[in-house]
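To start, the structure under review is shown below, and the notes come after it.
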Number of protein chains: 2
Amino acid sequence: MAAACELIDQTGTDAFSMRTLARRLETSTATIYRHVTGMEELRILVVDRLLGEVLASAAGRPPPGTWQEAARTELLLFHDALSRHPNLLGLFASEVPIGPNGLAVRERTITRLLEFGFPVSLAARAYTTLAHYVIGFLAPQHAPDAPGPRQAAALRRYYLALDPAEYPSTVAAADALTTVSHDDEFLEGLQFILDGIDTALARGGD
Amino acid sequence: MAAACELIDQTGTDAFSMRTLARRLETSTATIYRHVTGMEELRILVVDRLLGEVLASAAGRPPPGTWQEAARTELLLFHDALSRHPNLLGLFASEVPIGPNGLAVRERTITRLLEFGFPVSLAARAYTTLAHYVIGFLAPQHAPDAPGPRQAAALRRYYLALDPAEYPSTVAAADALTTVSHDDEFLEGLQFILDGIDTALARGGD
DNA sequence: ACCTGAACACCGTTCAAGT
DNA sequence: ACCTGAACACCGTTCAAGT
(Lines give C-alpha, C1' and ligand atoms only; values in the text may rest on other atoms or scores of the structure.)
Protein backbone atom coordinates (compact mmCIF):
# COMPACT_ATOMS: atom_id res chain seq x y z
CA MET A 1 0.00 0.00 0.00
CA ALA A 2 2.83 2.38 0.84
CA ALA A 3 4.44 1.67 -2.52
CA ALA A 4 1.10 2.11 -4.30
CA CYS A 5 0.47 5.47 -2.59
CA GLU A 6 3.98 6.70 -3.39
CA LEU A 7 3.65 5.60 -6.98
CA ILE A 8 0.34 7.40 -7.45
CA ASP A 9 1.64 10.49 -5.66
CA GLN A 10 4.62 10.65 -7.96
CA THR A 11 3.27 9.56 -11.32
CA GLY A 12 -0.50 10.02 -11.13
CA THR A 13 -3.45 7.70 -11.46
CA ASP A 14 -2.97 7.11 -15.17
CA ALA A 15 0.56 5.77 -14.89
CA PHE A 16 -0.44 3.55 -11.98
CA SER A 17 -1.00 -0.04 -13.00
CA MET A 18 -0.40 -3.55 -11.76
CA ARG A 19 2.67 -3.65 -13.94
CA THR A 20 4.22 -0.37 -12.76
CA LEU A 21 3.53 -1.33 -9.15
CA ALA A 22 5.11 -4.75 -9.65
CA ARG A 23 8.16 -3.12 -11.21
CA ARG A 24 8.53 -0.74 -8.27
CA LEU A 25 8.24 -3.63 -5.82
CA GLU A 26 10.72 -5.62 -7.91
CA THR A 27 8.33 -8.49 -8.27
CA SER A 28 5.78 -9.68 -10.80
CA THR A 29 2.15 -8.76 -11.24
CA ALA A 30 1.10 -12.30 -10.44
CA THR A 31 2.65 -11.98 -6.98
CA ILE A 32 0.48 -8.94 -6.23
CA TYR A 33 -2.53 -11.15 -6.84
CA ARG A 34 -1.42 -13.28 -3.92
CA HIS A 35 -2.10 -10.31 -1.61
CA VAL A 36 -5.13 -8.62 -3.19
CA THR A 37 -7.96 -9.94 -5.30
CA GLY A 38 -7.42 -7.38 -8.04
CA MET A 39 -7.19 -3.74 -9.04
CA GLU A 40 -10.44 -2.81 -7.31
CA GLU A 41 -9.38 -4.07 -3.90
CA LEU A 42 -6.03 -2.38 -4.38
CA ARG A 43 -7.74 0.95 -4.92
CA ILE A 44 -10.03 0.45 -1.93
CA LEU A 45 -7.00 -0.24 0.27
CA VAL A 46 -5.15 2.83 -1.01
CA VAL A 47 -8.22 4.98 -0.25
CA ASP A 48 -8.42 3.49 3.22
CA ARG A 49 -4.75 4.27 3.78
CA LEU A 50 -5.43 7.94 3.07
CA LEU A 51 -8.40 7.89 5.45
CA GLY A 52 -5.97 6.51 8.03
CA GLU A 53 -4.00 9.74 7.63
CA VAL A 54 -7.19 11.74 8.20
CA LEU A 55 -7.81 9.77 11.36
CA ALA A 56 -4.26 10.20 12.63
CA SER A 57 -4.12 13.94 11.91
CA ALA A 58 -7.04 14.52 14.30
CA ALA A 59 -5.29 12.94 17.29
CA GLY A 60 -4.58 15.28 20.19
CA ARG A 61 -6.81 18.09 18.99
CA PRO A 62 -8.83 20.05 21.55
CA PRO A 63 -12.52 19.10 21.60
CA PRO A 64 -14.66 21.39 19.42
CA GLY A 65 -16.79 24.07 21.07
CA THR A 66 -19.70 23.94 18.64
CA TRP A 67 -21.04 21.35 16.25
CA GLN A 68 -20.21 23.62 13.30
CA GLU A 69 -16.62 23.77 14.48
CA ALA A 70 -16.58 19.98 14.84
CA ALA A 71 -17.98 19.40 11.37
CA ARG A 72 -15.71 21.98 9.78
CA THR A 73 -12.66 20.42 11.41
CA GLU A 74 -13.57 16.93 10.17
CA LEU A 75 -14.06 18.16 6.63
CA LEU A 76 -10.89 20.23 6.68
CA LEU A 77 -8.80 17.30 7.86
CA PHE A 78 -10.10 15.31 4.92
CA HIS A 79 -9.53 18.23 2.58
CA ASP A 80 -5.97 18.69 3.86
CA ALA A 81 -5.09 15.02 3.54
CA LEU A 82 -6.22 15.07 -0.08
CA SER A 83 -4.25 18.25 -0.68
CA ARG A 84 -1.14 16.36 0.37
CA HIS A 85 -2.03 13.58 -2.07
CA PRO A 86 -3.89 15.26 -4.92
CA ASN A 87 -3.32 12.35 -7.25
CA LEU A 88 -5.38 10.10 -5.00
CA LEU A 89 -8.48 12.18 -5.65
CA GLY A 90 -9.63 10.17 -8.60
CA LEU A 91 -9.97 7.08 -6.45
CA PHE A 92 -12.71 8.59 -4.28
CA ALA A 93 -15.41 9.07 -6.87
CA SER A 94 -16.39 5.47 -7.33
CA GLU A 95 -17.45 4.00 -4.00
CA VAL A 96 -18.56 4.57 -0.43
CA PRO A 97 -15.37 3.93 1.56
CA ILE A 98 -16.10 1.13 4.03
CA GLY A 99 -12.58 0.00 4.90
CA PRO A 100 -11.58 0.12 8.59
CA ASN A 101 -10.36 3.73 8.46
CA GLY A 102 -13.34 4.85 6.42
CA LEU A 103 -15.63 3.36 9.03
CA ALA A 104 -13.69 5.06 11.82
CA VAL A 105 -13.84 8.50 10.18
CA ARG A 106 -17.60 8.19 9.58
CA GLU A 107 -18.13 6.94 13.12
CA ARG A 108 -16.22 9.85 14.62
CA THR A 109 -18.04 12.49 12.58
CA ILE A 110 -21.51 11.12 13.33
CA THR A 111 -20.61 10.70 17.00
CA ARG A 112 -19.61 14.37 17.21
CA LEU A 113 -22.98 15.45 15.82
CA LEU A 114 -24.89 13.17 18.19
CA GLU A 115 -22.88 14.56 21.12
CA PHE A 116 -24.16 18.00 20.23
CA GLY A 117 -27.76 16.78 20.47
CA PHE A 118 -28.51 15.97 16.84
CA PRO A 119 -31.36 13.52 16.27
CA VAL A 120 -29.97 10.39 14.60
CA SER A 121 -31.78 11.01 11.33
CA LEU A 122 -30.48 14.57 11.04
CA ALA A 123 -26.93 13.46 11.90
CA ALA A 124 -27.10 10.86 9.13
CA ARG A 125 -28.44 13.28 6.54
CA ALA A 126 -25.94 15.94 7.56
CA TYR A 127 -23.11 13.45 7.29
CA THR A 128 -24.05 12.17 3.83
CA THR A 129 -24.64 15.68 2.50
CA LEU A 130 -21.26 16.88 3.75
CA ALA A 131 -19.56 13.80 2.35
CA HIS A 132 -21.18 14.29 -1.04
CA TYR A 133 -20.16 17.92 -1.09
CA VAL A 134 -16.52 17.27 -0.33
CA ILE A 135 -16.31 14.50 -2.94
CA GLY A 136 -18.02 16.66 -5.55
CA PHE A 137 -15.81 19.59 -4.69
CA LEU A 138 -12.59 17.64 -4.98
CA ALA A 139 -13.43 15.29 -7.85
CA PRO A 140 -12.95 17.69 -10.81
CA GLN A 141 -9.59 18.83 -9.45
CA HIS A 142 -7.83 15.63 -10.34
CA ALA A 143 -7.99 16.26 -14.06
CA PRO A 144 -4.66 15.17 -15.53
CA ASP A 145 -2.00 17.90 -15.75
CA ALA A 146 -4.29 20.50 -14.20
CA PRO A 147 -2.22 22.11 -11.40
CA GLY A 148 -5.21 24.10 -10.18
CA PRO A 149 -4.56 27.84 -10.40
CA ARG A 150 -3.39 27.61 -13.99
CA GLN A 151 -6.62 25.85 -14.91
CA ALA A 152 -8.71 28.45 -13.09
CA ALA A 153 -6.98 31.25 -15.01
CA ALA A 154 -7.63 29.48 -18.29
CA LEU A 155 -11.28 28.99 -17.35
CA ARG A 156 -11.58 32.68 -16.48
CA ARG A 157 -10.18 33.71 -19.88
CA TYR A 158 -12.54 31.25 -21.54
CA TYR A 159 -15.59 32.72 -19.77
CA LEU A 160 -14.52 36.30 -20.45
CA ALA A 161 -14.05 35.57 -24.14
CA LEU A 162 -17.67 34.43 -24.51
CA ASP A 163 -20.23 36.54 -26.35
CA PRO A 164 -21.75 38.77 -23.62
CA ALA A 165 -25.03 38.91 -25.55
CA GLU A 166 -25.43 35.14 -25.40
CA TYR A 167 -23.88 34.50 -21.99
CA PRO A 168 -24.38 37.71 -19.99
CA SER A 169 -24.55 36.04 -16.57
CA THR A 170 -21.55 33.80 -17.10
CA VAL A 171 -19.45 36.71 -18.29
CA ALA A 172 -20.63 38.84 -15.35
CA ALA A 173 -19.81 36.06 -12.92
CA ALA A 174 -16.55 35.00 -14.60
CA ASP A 175 -14.36 36.44 -11.87
CA ALA A 176 -16.52 35.17 -9.04
CA LEU A 177 -16.61 31.71 -10.63
CA THR A 178 -12.88 31.38 -11.11
CA THR A 179 -10.76 33.67 -8.94
CA VAL A 180 -11.84 32.61 -5.46
CA SER A 181 -9.04 30.55 -3.94
CA HIS A 182 -9.57 26.84 -3.81
CA ASP A 183 -9.61 26.80 0.00
CA ASP A 184 -11.94 29.78 0.35
CA GLU A 185 -14.37 28.31 -2.14
CA PHE A 186 -14.36 25.08 -0.19
CA LEU A 187 -15.07 26.85 3.09
CA GLU A 188 -17.76 29.13 1.66
CA GLY A 189 -19.67 26.25 0.11
CA LEU A 190 -19.29 24.33 3.34
CA GLN A 191 -20.76 27.26 5.25
CA PHE A 192 -23.94 27.16 3.15
CA ILE A 193 -24.43 23.54 4.14
CA LEU A 194 -23.64 24.14 7.80
CA ASP A 195 -26.12 27.04 7.94
CA GLY A 196 -28.74 24.89 6.24
CA ILE A 197 -28.21 22.12 8.76
CA ASP A 198 -28.50 24.73 11.50
CA THR A 199 -31.87 25.75 10.12
CA ALA A 200 -33.04 22.13 10.20
CA LEU A 201 -31.70 21.71 13.72
CA ALA A 202 -33.54 24.82 14.92
CA ARG A 203 -36.75 23.50 13.34
CA GLY A 204 -36.43 20.41 15.51
CA GLY A 205 -34.36 18.25 13.18
CA ASP A 206 -37.12 15.97 11.99
CA MET B 1 -22.19 10.89 -30.31
CA ALA B 2 -25.58 9.18 -30.50
CA ALA B 3 -23.85 5.84 -31.02
CA ALA B 4 -21.45 6.55 -28.17
CA CYS B 5 -24.30 7.45 -25.79
CA GLU B 6 -26.26 4.36 -26.75
CA LEU B 7 -23.24 2.15 -26.35
CA ILE B 8 -22.48 3.50 -22.87
CA ASP B 9 -26.15 3.30 -21.89
CA GLN B 10 -26.30 -0.33 -22.92
CA THR B 11 -22.91 -1.71 -21.94
CA GLY B 12 -21.50 0.69 -19.37
CA THR B 13 -18.40 2.84 -19.19
CA ASP B 14 -16.02 -0.07 -18.84
CA ALA B 15 -17.04 -1.79 -22.06
CA PHE B 16 -16.93 1.50 -23.95
CA SER B 17 -13.78 1.91 -25.98
CA MET B 18 -12.59 3.25 -29.31
CA ARG B 19 -12.69 -0.29 -30.59
CA THR B 20 -16.22 -1.13 -29.44
CA LEU B 21 -17.47 2.19 -30.78
CA ALA B 22 -15.78 1.60 -34.12
CA ARG B 23 -17.33 -1.87 -34.32
CA ARG B 24 -20.80 -0.47 -33.64
CA LEU B 25 -20.32 2.19 -36.31
CA GLU B 26 -18.98 -0.47 -38.68
CA THR B 27 -15.80 1.43 -39.27
CA SER B 28 -12.26 1.43 -37.88
CA THR B 29 -10.84 3.22 -34.85
CA ALA B 30 -8.59 5.29 -37.07
CA THR B 31 -11.64 6.78 -38.78
CA ILE B 32 -12.98 8.01 -35.44
CA TYR B 33 -9.76 9.97 -35.05
CA ARG B 34 -10.71 11.92 -38.16
CA HIS B 35 -13.67 13.39 -36.24
CA VAL B 36 -12.34 13.75 -32.68
CA THR B 37 -8.84 14.27 -31.34
CA GLY B 38 -9.07 11.32 -28.97
CA MET B 39 -10.86 9.61 -26.13
CA GLU B 40 -10.93 12.72 -23.96
CA GLU B 41 -12.72 14.87 -26.52
CA LEU B 42 -15.11 12.01 -27.16
CA ARG B 43 -16.06 11.92 -23.48
CA ILE B 44 -16.46 15.70 -23.33
CA LEU B 45 -18.82 15.58 -26.31
CA VAL B 46 -20.88 12.77 -24.77
CA VAL B 47 -21.19 14.78 -21.55
CA ASP B 48 -22.29 17.82 -23.52
CA ARG B 49 -24.88 15.73 -25.31
CA LEU B 50 -26.43 14.80 -21.98
CA LEU B 51 -26.41 18.44 -20.90
CA GLY B 52 -28.29 19.14 -24.12
CA GLU B 53 -31.04 16.85 -22.81
CA VAL B 54 -31.10 18.83 -19.57
CA LEU B 55 -31.48 22.01 -21.56
CA ALA B 56 -34.24 20.62 -23.75
CA SER B 57 -36.23 19.13 -20.87
CA ALA B 58 -36.65 22.61 -19.36
CA ALA B 59 -38.32 24.08 -22.44
CA GLY B 60 -41.89 25.24 -21.95
CA ARG B 61 -41.84 25.10 -18.18
CA PRO B 62 -43.67 27.81 -16.25
CA PRO B 63 -41.34 30.42 -14.74
CA PRO B 64 -40.44 29.64 -11.12
CA GLY B 65 -42.10 31.57 -8.32
CA THR B 66 -39.14 31.63 -5.95
CA TRP B 67 -35.40 31.32 -6.35
CA GLN B 68 -35.45 28.09 -4.33
CA GLU B 69 -37.98 26.66 -6.73
CA ALA B 70 -35.84 27.77 -9.67
CA ALA B 71 -32.68 26.22 -8.24
CA ARG B 72 -34.44 23.01 -7.25
CA THR B 73 -35.90 22.65 -10.74
CA GLU B 74 -32.51 23.12 -12.40
CA LEU B 75 -30.89 20.53 -10.19
CA LEU B 76 -33.75 18.08 -10.58
CA LEU B 77 -33.62 18.31 -14.36
CA PHE B 78 -29.95 17.43 -14.20
CA HIS B 79 -30.64 14.67 -11.72
CA ASP B 80 -33.43 13.25 -13.91
CA ALA B 81 -31.35 13.30 -17.07
CA LEU B 82 -28.63 11.32 -15.31
CA SER B 83 -31.22 8.90 -13.96
CA ARG B 84 -32.17 8.17 -17.55
CA HIS B 85 -28.50 7.55 -18.39
CA PRO B 86 -26.93 6.22 -15.20
CA ASN B 87 -23.95 4.81 -17.03
CA LEU B 88 -22.91 8.29 -18.10
CA LEU B 89 -22.32 9.29 -14.50
CA GLY B 90 -18.70 8.30 -14.43
CA LEU B 91 -17.91 10.83 -17.14
CA PHE B 92 -18.85 13.80 -14.97
CA ALA B 93 -16.30 13.48 -12.23
CA SER B 94 -13.27 14.59 -14.19
CA GLU B 95 -13.85 18.06 -15.59
CA VAL B 96 -15.84 21.28 -15.51
CA PRO B 97 -18.19 20.89 -18.50
CA ILE B 98 -17.57 23.80 -20.83
CA GLY B 99 -19.09 22.50 -24.04
CA PRO B 100 -21.90 24.56 -25.62
CA ASN B 101 -24.69 22.87 -23.65
CA GLY B 102 -22.69 22.97 -20.42
CA LEU B 103 -22.25 26.70 -20.89
CA ALA B 104 -25.96 27.15 -21.60
CA VAL B 105 -27.06 25.24 -18.49
CA ARG B 106 -24.68 27.23 -16.28
CA GLU B 107 -25.79 30.48 -17.88
CA ARG B 108 -29.46 29.72 -17.32
CA THR B 109 -29.00 28.73 -13.68
CA ILE B 110 -26.93 31.79 -12.79
CA THR B 111 -29.33 34.04 -14.70
CA ARG B 112 -32.26 32.73 -12.66
CA LEU B 113 -30.47 33.57 -9.42
CA LEU B 114 -29.55 37.05 -10.64
CA GLU B 115 -33.18 37.65 -11.67
CA PHE B 116 -34.20 36.99 -8.08
CA GLY B 117 -31.84 39.72 -6.87
CA PHE B 118 -28.76 37.69 -5.95
CA PRO B 119 -25.49 39.63 -5.88
CA VAL B 120 -23.16 38.25 -8.57
CA SER B 121 -20.70 36.81 -6.05
CA LEU B 122 -23.41 34.97 -4.13
CA ALA B 123 -24.93 33.63 -7.34
CA ALA B 124 -21.54 32.28 -8.39
CA ARG B 125 -20.84 30.65 -5.04
CA ALA B 126 -24.35 29.22 -4.87
CA TYR B 127 -23.97 27.80 -8.35
CA THR B 128 -20.61 26.12 -7.74
CA THR B 129 -21.73 24.71 -4.39
CA LEU B 130 -24.88 23.22 -5.93
CA ALA B 131 -22.88 21.83 -8.84
CA HIS B 132 -20.36 20.24 -6.51
CA TYR B 133 -23.12 18.71 -4.44
CA VAL B 134 -24.91 17.14 -7.35
CA ILE B 135 -21.69 15.71 -8.77
CA GLY B 136 -20.63 14.36 -5.38
CA PHE B 137 -24.08 12.93 -4.81
CA LEU B 138 -24.23 11.13 -8.12
CA ALA B 139 -20.60 10.09 -8.52
CA PRO B 140 -20.55 7.05 -6.21
CA GLN B 141 -23.73 5.67 -7.79
CA HIS B 142 -22.00 4.66 -10.98
CA ALA B 143 -20.05 1.85 -9.34
CA PRO B 144 -20.08 -1.09 -11.76
CA ASP B 145 -22.93 -3.59 -11.30
CA ALA B 146 -24.39 -1.64 -8.37
CA PRO B 147 -28.10 -1.25 -9.19
CA GLY B 148 -28.66 1.11 -6.27
CA PRO B 149 -31.22 -0.34 -3.86
CA ARG B 150 -29.45 -3.67 -3.71
CA GLN B 151 -26.20 -1.90 -2.81
CA ALA B 152 -27.98 0.16 -0.14
CA ALA B 153 -29.42 -2.98 1.42
CA ALA B 154 -25.99 -4.59 1.46
CA LEU B 155 -24.51 -1.47 3.05
CA ARG B 156 -27.22 -1.50 5.69
CA ARG B 157 -26.47 -5.13 6.60
CA TYR B 158 -22.77 -4.30 6.69
CA TYR B 159 -23.31 -1.41 9.12
CA LEU B 160 -25.68 -3.41 11.32
CA ALA B 161 -23.19 -6.28 11.55
CA LEU B 162 -20.51 -4.01 13.00
CA ASP B 163 -19.49 -4.25 16.65
CA PRO B 164 -21.81 -1.78 18.45
CA ALA B 165 -19.15 -1.17 21.10
CA GLU B 166 -16.66 0.07 18.50
CA TYR B 167 -19.09 1.76 16.10
CA PRO B 168 -22.09 2.81 18.21
CA SER B 169 -23.05 5.85 16.11
CA THR B 170 -22.73 4.08 12.77
CA VAL B 171 -24.87 1.19 14.01
CA ALA B 172 -27.44 3.62 15.46
CA ALA B 173 -27.56 5.55 12.20
CA ALA B 174 -27.44 2.48 9.91
CA ASP B 175 -31.07 2.80 8.87
CA ALA B 176 -30.95 6.55 8.41
CA LEU B 177 -27.75 6.23 6.37
CA THR B 178 -29.03 3.60 3.98
CA THR B 179 -32.82 3.31 3.77
CA VAL B 180 -33.74 6.82 2.64
CA SER B 181 -34.71 6.66 -1.03
CA HIS B 182 -32.21 7.94 -3.49
CA ASP B 183 -34.47 10.80 -4.58
CA ASP B 184 -35.44 11.86 -1.06
CA GLU B 185 -31.84 11.87 0.04
CA PHE B 186 -30.98 14.06 -2.90
CA LEU B 187 -33.75 16.53 -2.12
CA GLU B 188 -33.03 16.64 1.61
CA GLY B 189 -29.34 17.37 1.10
CA LEU B 190 -30.28 19.96 -1.49
CA GLN B 191 -32.59 21.63 1.02
CA PHE B 192 -29.70 22.10 3.48
CA ILE B 193 -27.79 23.98 0.82
CA LEU B 194 -30.78 26.06 -0.28
CA ASP B 195 -31.49 27.05 3.35
CA GLY B 196 -27.84 27.95 3.85
CA ILE B 197 -27.88 30.12 0.74
CA ASP B 198 -31.05 31.73 2.06
CA THR B 199 -29.23 32.60 5.27
CA ALA B 200 -26.42 34.23 3.28
CA LEU B 201 -28.96 36.09 1.13
CA ALA B 202 -30.76 37.42 4.21
CA ARG B 203 -27.41 38.61 5.62
CA GLY B 204 -26.94 40.69 2.51
CA GLY B 205 -25.12 38.18 0.34
CA ASP B 206 -21.63 39.54 0.73
C1' DA C 1 4.55 -23.03 -0.07
C1' DC C 2 5.68 -19.39 -2.66
C1' DC C 3 6.89 -17.05 -6.93
C1' DT C 4 6.95 -15.85 -11.99
C1' DG C 5 7.41 -15.84 -17.29
C1' DA C 6 4.52 -16.08 -20.63
C1' DA C 7 0.12 -16.00 -22.45
C1' DC C 8 -4.74 -14.29 -23.25
C1' DA C 9 -7.74 -10.90 -24.42
C1' DC C 10 -7.98 -6.54 -24.30
C1' DC C 11 -6.67 -1.00 -24.50
C1' DG C 12 -5.58 4.22 -27.07
C1' DT C 13 -3.19 5.97 -30.74
C1' DT C 14 -0.59 6.31 -35.13
C1' DC C 15 0.65 5.76 -39.95
C1' DA C 16 1.97 3.66 -44.22
C1' DA C 17 -0.57 1.81 -47.62
C1' DG C 18 -4.65 1.31 -50.13
C1' DT C 19 -9.13 3.01 -52.82
C1' DA D 1 -9.77 13.08 -50.19
C1' DC D 2 -11.03 9.63 -47.38
C1' DC D 3 -10.48 5.21 -45.11
C1' DT D 4 -8.15 1.19 -42.77
C1' DG D 5 -5.13 -2.99 -41.50
C1' DA D 6 -1.57 -3.56 -38.92
C1' DA D 7 1.59 -2.12 -35.66
C1' DC D 8 3.30 -0.02 -31.22
C1' DA D 9 3.31 0.24 -26.55
C1' DC D 10 0.59 -0.51 -23.23
C1' DC D 11 -3.44 -2.75 -19.86
C1' DG D 12 -5.73 -6.55 -15.96
C1' DT D 13 -5.75 -11.20 -15.04
C1' DT D 14 -4.52 -16.16 -15.09
C1' DC D 15 -1.85 -20.38 -14.84
C1' DA D 16 1.44 -23.88 -15.91
C1' DA D 17 5.87 -24.38 -14.68
C1' DG D 18 9.63 -23.58 -11.79
C1' DT D 19 12.29 -23.14 -7.00
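Just so it is clear: chains get the letters A, B, ... in the order the sequence lines come, proteins before strands, and each one is counted from 1. Small disclaimer: the values here were computed from a predicted structure and weren't measured.
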Who are the side-chain hydrogen bond (donor to acceptor under 3.5 Å, both in side chains) partners of [X], not counting sequence neighbours?
{"X": "B:Arg112", "result": "none"}
{"X": "A:Arg19", "result": "none"}
{"X": "B:Arg72", "result": "B:Gln191"}
{"X": "A:Arg24", "result": "A:Glu6, A:Gln10"}

I want to confirm an ordering. Mapping B:Ala15 and A:Arg34 to their closest nucleotides on DNA chain C, which one lands closer to the 5' end?
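Result of the comparison: A:Arg34.
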
In whole angstrom, give the distance that lies between atom [atom1] of [X] and atom [atom2] of [N].
{"X": "A:His35", "N": "C:dA1", "atom1": "NE2", "atom2": "C1'", "value": "12 Å"}
{"X": "B:Leu21", "N": "C:dC11", "atom1": "CG", "atom2": "P", "value": "12 Å"}
{"X": "A:Leu25", "N": "C:dC3", "atom1": "CG", "atom2": "P", "value": "12 Å"}

Sequence neighbours excluded, which residues qualify as side chain to side chain contact (heavy atoms under 4.5 Å, CB included) partners of A:Ser57?
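Residues passing side chain to side chain contact (heavy atoms under 4.5 Å, CB included) with A:Ser57: A:Leu77.
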
So does A:Arg49 get a backbone contact from the side chain of A:Asn101, meaning a donor-acceptor N/O pair under 3.5 Å?
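Such a contact is absent between A:Asn101 side chain and A:Arg49 backbone.
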
Could you run through DNA chain D and flag its stems, i.e. three or more consecutive Watson-Crick or G-U pairs with both distances under 3.5 Å?
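Counting only runs of 3 or more consecutive pairs, the stems involving DNA chain D are C:4-8 with D:12-16, C:12-16 with D:4-8.
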
If the condition is salt bridge (Lys or Arg N to Asp or Glu O under 4.0 Å), which residues does B:Asp198 pass it with, not counting sequence neighbours?
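Salt bridge (Lys or Arg N to Asp or Glu O under 4.0 Å) check on B:Asp198 returns nothing, list empty.
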
Suppose we screen for ring-ring contact (aromatic ring centres under 6.0 Å, His included). Which residues come up paired with B:Phe186, at least two apart in sequence or across chains?
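With sequence neighbours excluded, B:Phe186 shows a ring-ring contact (aromatic ring centres under 6.0 Å, His included) to B:His79, B:Tyr133, B:Phe137, given in chain and number order.
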
Between A:Thr31 and C:dT4, does any side-chain N or O lie under 4.0 Å from OP1 or OP2?
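Result: yes.
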
Heavy atoms under 4.0 Å is the rule here; annotate nucleotides 12-19 of chain C 5' to 3' with B where the base is hit, S where only the sugar-phosphate is, and - elsewhere.
BBBB----

